[in-house]
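In what follows, a structure is listed as structure tokens, so that the remarks can point back to it.
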Amino acid sequence: MHSDLFLNIDYIHIWIQLICYAVCSFIAARRAVLHPDIWRYKILTGAFLCYALADLFWNLYFTIKWEYALFFSAADLSWIAVVVFLIAACLNIFNELTDEERLIVRRYRILSVLISFVLIASTHAVMVIIAGGLFNNICYGIVYFLLVYFSLQLWLAARKDIRPQMKNYHGAVMLFVLCDIIMFLMSCFWETANISMVFDMGLTIMPVILLYVMKKEVCA
Amino acid sequence: MNLPIELFIMLAAPLLIAAFLLRGDARRFAAFFLLGLGACLFAAYINSFLSLAAGMDIQEATIKLTPIIEEVLKALPVFFYLAVYAPKRGAILAVSVAVGLGFATLENAYYIMNIADQSLLYAVIRGFSAGAIHTVCAAILGYGLTQIYRRQFLTFPISFALLCAASTLHAMYNLFVTSGGVWAATGYLLPIAAAGIMLPFLRRISVDEGLRERETPRID
């Protein structure tokens, strides 16, 4: 009974998440047209569309087959694509930096590698031990590691006045990764499966937060 | 000799001759259409081999494996074109669509000769659905590559992300079609809907290219 209720809430929540990401991708696309010089809007449009596509596949698979598309499904491909889009956004920011700014950002690379490696490797190792899915975890682990590595470098540099207006954006990206990882981690334990939904709901509002911080950055 | 190879030879031979006779855009289109046929032939063998190796039944392989393999094989000629030549922005999209069309042509020819129901209705449905899904997925990659035309450092992450998204869309189509009944009917409409959504974006590229050509002075 409890499990049925959980499944129903999860099912409805993913439809809501899909709508949220689809609407946010539309807003991002509109802003990309209004601000053609800000490339991140285009990249965010792609990322949000991919998330919506993954949610759509996940829920349709469940609707048709009455089982989850677990351990490397086509939905995982699109969720990985979301992270890759966010990595592309980071690379785009790196490309816009001047040589002096890049030198300052590079000072944080060792610290960023260490933090991101410890965070990603430890959490994914726990997930492999508890729930299996080595290939799945390796794929997610690699892209998350790269995203946290780039974002952390840029966030630390932003604290030292290198494009400080982007600090909130990098913080929001890291929050997105953190929410996703904790959600995965919690869903591995049966007792905390309900808590994982809280973080999944956090992921639902993430596109709104990302667009909000981007708007603040553009206005600043 | 088996059917896919025979069909490939029959379709490829006139195209090969045409590729030698034609010049410019028409030759490029014929050549990449031919490469699309080749990609489909390879995909048929790789799909069979990998689904056997992974111990998947046909339905499972159709949803989990086939979309990834087919999308990657369709993308290879486009990446080759990008790496070896210095193409115009609009040409990337044309090449990508040509590969998708070639792929869809051989696949449709093979299916129509292999099934018992060789009715006109089936041919129409197959042509507008499976034919369109390959073209749409190829166009997604082509569109993304035209967007990052002047930002080569984004080529790898954006191509990877778009390949993942195209694979998810393809997997969704396969999920619908293999489920039968109302789901299959919905699946047949999916490529047309996706093509409809993509149309304004693709037209914009064509318009941009047209304007650029008009702005460039002609030297006679």
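Chain identifiers are assigned alphabetically (A, B, ...) following the order of the sequence lines, protein sequences preceding nucleic acid strands; residue numbering begins at 1 within each chain. Atoms considered below: every heavy atom in the structure, side chains included; atoms not considered: hydrogens, waters and symmetry mates.
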- prompt: Does some side-chain heavy atom of Val84(A) sit less than 4.5 Å from a side-chain heavy atom of Cys164(B)?
  reply: no

query: Does any non-hydrogen side-chain atom of Phe156(B) lie less than 4.5 Å from one of Ile87(A)?
result: no

- prompt: Would you say Phe128(B) has more than 12 foreign heavy atoms packed within less than 6.0 Å of its CZ?
  reply: no

Anything under 3.5 Å between a donor and an acceptor, one on a side chain of residues 33-40 of chain B, the other on a protein residue two or more places apart or in another chain? List them.
none

- prompt: If you draw a 6.0 Å radius around CZ in Phe42(B), do more than 12 non-hydrogen atoms from other residues or ligands fall strictly inside?
  reply: no

message: Counting only heavy atoms from other residues, nucleotides and ligands, does the tally under 6.0 Å from CZ of Phe26(A) exceed 12?
response: no

message: A quick test of your reading: do over 12 heavy atoms of other residues, nucleotides or ligands sit less than 6.0 Å from CG of Leu34(A)?
response: yes

statement: Here the pair of heavy atoms bringing Phe85(A) nearest to Ala161(B) is CE1-CB, 3.7 Å

Interface moiety of Leu169(B) toward chain A, non-hydrogen atoms closer than 4.5 Å: both

query: Do you know which of Leu91(A), Leu77(A), Ile80(A) has the most heavy-atom pairs with chain B at a distance under 4.5 angstrom?
result: Leu77(A)

field: Interface moiety of Leu53(A) toward chain B, non-hydrogen atoms closer than 4.5 Å
entry: both

- prompt: Of the backbone (N, CA, C, O) and the side chain (C-beta and beyond), which part of Ile148(B) lies under 4.5 Å from a heavy atom of chain A, both, or neither?
  reply: both

Please report all inter-chain donor-acceptor pairs (under 3.5 Å) between chain A and chain B, with distances to 0.1 Å.
from	atom 1	to	atom 2	distance (Å)
Lys42(A)	NZ	Gln147(B)	OE1	3.3
Ala74(A)	O	Thr168(B)	OG1	2.9
Ser78(A)	OG	Thr168(B)	OG1	2.8
Asn92(A)	OD1	Arg151(B)	NH1	2.8

- request: Count the heavy atoms belonging to other residues, nucleotides or ligands that lie under 6.0 Å from CD1 of Ile58(B), then report whether that count exceeds 12.
  value: no

message: What's the separation between atom CZ in Phe176(B) and atom CD1 in Ile64(A), rounded to the nearest 0.5 Å?
response: 5.0 Å

